[in-house]
Student: 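This is the structure, below, for whatever I ask next.
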Amino acid sequence: MQTLRLYRSTVGKKAVMAVTGVGMLLFVVGHMIGNLSVFSGPAAIDGYARWLREIGVVWPLRFGLLLCVGLHMVAAVQLARRARKARPQGYEHGRRPQSYAARTMRWGGVIITLFVVYHLLDLTAGVANPHGVQGEVYNNLVADFQLWYVVLAYTVAVLALGLHIRHGAWSALQSLGVTAPRGIALVVAGVICAGYLSVPAAVVLGVVS
Amino acid sequence: MKLTLRIWRQSGPTGALVTYPLDDLSPDMSFLEMLDVLNESLVVRGEEPVAFDHDCREGICGMCGLMINGVAHGPEKATTACQLHLRHFSDGDTITVEPWRAKPFPVLRDLVVDRSALDRIVESGGYISVPTGSAPDAHATPVPKESADAAFTSAACIGCGACVAACPNGSAMLFTAAKATHLGSLPQGQPERWSRAQDMVQTHDDLGFGGCTNAGECTPACPKGIPLTTIAQLNRDLLRSHLR
């Protein structure tokens with residue numbers, strides 16, 4: 001009963017978004033560290049992918065992430081609808097928002113979701129990949145980043161993710177009642193953008209081929 | 001100086017912006033004095049004066065509240081509309097003046113909105129229960145200096161509603177958090193601290209205010225600069241009240 005009352009409140013919904021957001025952020029960090037093994041050559045990253053399947057973390061992780069994405073999106077949509085209802089008539093004079101990252105959270109989230117769908121078809125299922133051989137992670141991603149439009153889509157998605165984290169990481173702490181300087185979120189977002197973009201950059205520059 | 005005002009006029013269910021050119025204004029006039037001058041000229045011409053809320057004109061009562069060029073209380077930081085002077089505008093400027101916009105703040109007339117929704121939030125938990133009768137000894141309840149300072153930072157809220165007006169979600173969470181943190185920081189506020197957080201957030205939500213998404217637009221609009229940390233404090237109190 002208490003839990004239901006909490007979930008129904010706007011503060012409770014933000015707490016759900018914060019907890020699921022932190023869960024997804026931890027995955028994003030882990031995924032990034034895994035990606036960086038591409039710099040140790042084909043054997044390292046292919047072996048890392050094989051190892052993940054052998055220890056049996058892939059499916060539990062997928063279910064956990066799906067749950068996080070679902071809860072995060074439901075709460076976000078409910079809060080967005082609530083916000084629209086709370087101001088049926090807007091201002092004639094345009095507003096000057098303080099933060100670009102905060103303003104783009106909702107559509108940024110949609111962009112990230114669409115990219116994740118493409119990303120799964122590309123590098124998990126392999127159907128949208130120019131090489132598309134199961135287990136050949138290194139060759140798949142090198143084949144991907146030979147194409148300028150894949151590099152562009154990937155870069156846009158990573159930057160959208162960076163903006164989302166730039167507001168989201170600080171916002172999550174605030175929602176859970178922890179007061180933290182906003183700079184923390186900027187550092188986290190910067191590290192994640194740099195880590196993820198280093199892989200396509202390396203392929204484009206010929207460091208990884 | 002010369003200014004052109006575009007003011008929201010509304011006497012029924014709908015309204016519109018009406019343009020009023022003004023000459024011979026002094027840069028030392030306050031924004032509300034300018035509206036007084038406009039109203040005098042409207043009365044002379046036999047037109048209905050512009051309705052706007054105001055009381056102390058000293059920046060401490062919280063009655064005035066205008067959206068000036070899309071910014072609550074206008075461009076000056078930590079300043080109410082009544083303390084905003086025309087010297088902060090340039091000769092020849094066009095200024096748009098609108099009422100606060102939120103579903104729980106219905107427009108009564110022109111620039112006046114009904115903010116009693118904020119009173120409903122206070123009624124639901126913004127109080128402490130004490131025996132009345134003889135006055136308590138002044139030193140009966142010692143208050144640590146840090147607690148007194150924290151309480152006062154929040155108590156500076158004048159309930160003008162600028163946080164709601166500025167919030168992209170139409171949330172009154174900064175107001176609610178200021179009231180809850182004000183009392184929650186003091187020893188006298190402890191017995192009802194957990195029910196206060198629950199009841200005030202519940203009332204806030206029931207009234208139709210939006211949820212706080214930490215956009216951070218409220219504090220820069222707040223004439224008293226109530227910090228966002230009060231919202232974190234209320235979030236913490238609410239979560240703790242449910243998880244205890």
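Since the structure is predicted, the reported quantities are computational estimates derived from the model, not experimental observations.
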Student: Please classify the contact of B:Gln202 with chain A as side chain, backbone, both or neither, using a heavy-atom distance under 4.5 Å.
Tutor: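 The answer is the side chain of B:Gln202.
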Student: Which of the residues B:Val107, B:Asp205, B:Leu239, B:Thr96 is involved in the greatest number of heavy-atom pairs with chain A at under 4.5 angstrom?
Tutor: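 Looking at each option in turn, the highest pair count goes to B:Asp205.
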Student: Is chain B contacted by the side chain of A:Ala83, its backbone, both, or neither, given a heavy-atom distance below 4.5 Å?
Tutor: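 For A:Ala83, heavy atoms of backbone and side chain both lie under 4.5 Å from chain B.
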Student: Name the region of A:Lys85, side chain, backbone, both or neither, that has any atom closer than 4.5 Å to a heavy atom of chain B.
Tutor: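 Contact with chain B is through the backbone of A:Lys85 alone.
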Student: Name the orientation class of the two ring planes belonging to B:Phe31 and B:Phe89 (parallel below 30°, tilted from 30 to 60°, perpendicular beyond 60°).
Tutor: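 Tilted: the ring planes of B:Phe31 and B:Phe89 meet at 30° to 60°.
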Student: State plainly whether the residues B:Asp237 and B:Arg196 are in salt-bridge range, i.e. N to O under 4.0 Å.
Tutor: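 Looking at B:Arg196 together with B:Asp237, the answer is no, because their closest N to O distance does not fall below 4.0 Å.
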Student: Using 4.0 Å as the upper bound for N to carboxylate O, is an ion pair formed by B:Lys145 and B:Asp149?
Tutor: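 Here B:Asp149 pairs with B:Lys145 in a salt bridge, since their nearest N and O are under 4.0 Å apart.
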Student: So for B:Pro220, is it side chain, backbone, both, or neither that comes closer than 4.5 Å to the heavy atoms of chain A?
Tutor: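 Answer is side chain: those atoms of B:Pro220 sit under 4.5 Å from chain A.
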Student: Between B:Lys2 and B:Asp91 (salt bridge meaning N to carboxylate O under 4.0 Å), is one present in this structure?
Tutor: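 A salt bridge is absent here (no side-chain N lies under 4.0 Å from a carboxylate O).
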Student: By a 4.5 Å heavy-atom criterion (distance strictly below it), what part of B:Ser171 contacts chain A: side chain, backbone, both, or neither?
Tutor: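 Neither; nothing under 4.5 Å.
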Student: Are a donor atom and an acceptor atom from the side chains of B:Asn214 and A:Ser175 found within less than 3.5 Å of each other?
Tutor: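 Looking only at side-chain atoms, A:Ser175 and B:Asn214 do form a donor-acceptor pair, the distance falling under 3.5 Å.
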Student: Does a side-chain heavy-atom distance below 4.5 Å link B:Ile95 with B:Ile68?
Tutor: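 In short, these two side chains touch, coming nearer than 4.5 Å.
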Student: Is a donor from one side chain sitting under 3.5 angstrom from an acceptor on the other, for B:Arg6 and B:Thr19?
Tutor: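 Looking only at side-chain atoms, B:Thr19 and B:Arg6 do not form any donor-acceptor pair under 3.5 Å.
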Student: Does the side chain of B:Thr203 come under 3.5 Å of the side chain of B:Ser124 through a donor N or O and an acceptor N or O?
Tutor: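 There is such a pair between these side chains.
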Student: So what's closer than 4.5 Å to chain A heavy atoms on B:Leu228: side chain, backbone, both or neither?
Tutor: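 Answer is both: backbone and side chain atoms of B:Leu228 are under 4.5 Å from chain A.
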Student: So which of A:Arg87, A:Arg182, A:Arg103 has the biggest tally of heavy-atom pairs under 4.5 Å with chain B?
Tutor: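 Sorted descending by pairs with chain B, the first entry is A:Arg87.
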Student: Any salt bridge linking B:Asp199 with A:Arg5? Criterion: basic side-chain nitrogen under 4.0 Å from a carboxylate oxygen.
Tutor: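 A salt bridge is present here (some side-chain N lies under 4.0 Å from a carboxylate O).
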Student: Mind ranking B:Asn69, B:Ile231, B:Val201 by heavy-atom pairs under 4.5 Å with chain A and telling me who comes out on top?
Tutor: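 Winner by heavy-atom pair count: B:Asn69.
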Student: Taking atom types as modelled and ignoring hydrogens, do the side chains of A:Thr20 and A:His72 form a donor-acceptor contact shorter than 3.5 angstrom?
Tutor: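 Yes - a donor-acceptor pair under 3.5 Å links their side chains.
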Student: Mind ranking A:Ala101, A:Gly12, A:Ala15, A:Gly90 by heavy-atom pairs under 4.5 Å with chain B and telling me who comes out on top?
Tutor: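 Top count of heavy-atom pairs under 4.5 Å with chain B: A:Gly90.
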Student: Around atom CE of A:Met32, are there more than 12 heavy atoms of other residues, nucleotides or ligands at under 6.0 Å?
Tutor: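 Counting neighbours around CE of A:Met32, more than 12 heavy atoms of other residues, nucleotides or ligands fall under 6.0 Å, so yes.
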Student: Specify which of B:Ala232, B:Ser241, B:Gly170, B:Gly211 makes the most heavy-atom pairs with chain A at under 4.5 Å.
Tutor: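 Option with the greatest count: B:Ala232.
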Student: Between B:Val164, B:Leu207, B:Leu238, B:Thr213, which residue shows the highest count of heavy-atom pairs closer than 4.5 Å to chain A?
Tutor: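 Most heavy-atom pairs under 4.5 Å with chain A: B:Thr213.
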Student: Side chain from CB out, backbone as N, CA, C, O: work out which of these in B:Leu17 comes under 4.5 Å of a heavy atom of chain A, or both, or neither.
Tutor: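 Contact with chain A is through the side chain of B:Leu17 alone.
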Student: Considering only heavy atoms, give the residues of residues 146-159 of chain A separated from chain B by less than 4.5 Å, sorted numerically, with 'none' for an empty result.
Tutor: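 No residue falls under the 4.5 Å cut-off.
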Student: Is it true that the NZ or CZ of B:Arg101 lies under 6.0 Å from the centre of B:Trp8's six-membered ring and within 45 degrees of the ring axis?
Tutor: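 So B:Arg101 does make the cation-pi contact.
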Student: Testing the 3.5 Å rule here: is there a donor-acceptor pair between the side chains of B:Arg193 and B:Gln190?
Tutor: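 Checked: B:Arg193/B:Gln190 side chains pair up, N/O donor to acceptor below 3.5 Å.
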Student: If you count heavy-atom pairs under 4.5 Å between each of B:Ala165, B:Ala215, B:Ala166, B:Gly208 and chain A, which one has the most?
Tutor: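 The candidate making the most pairs under 4.5 Å is B:Ala165.
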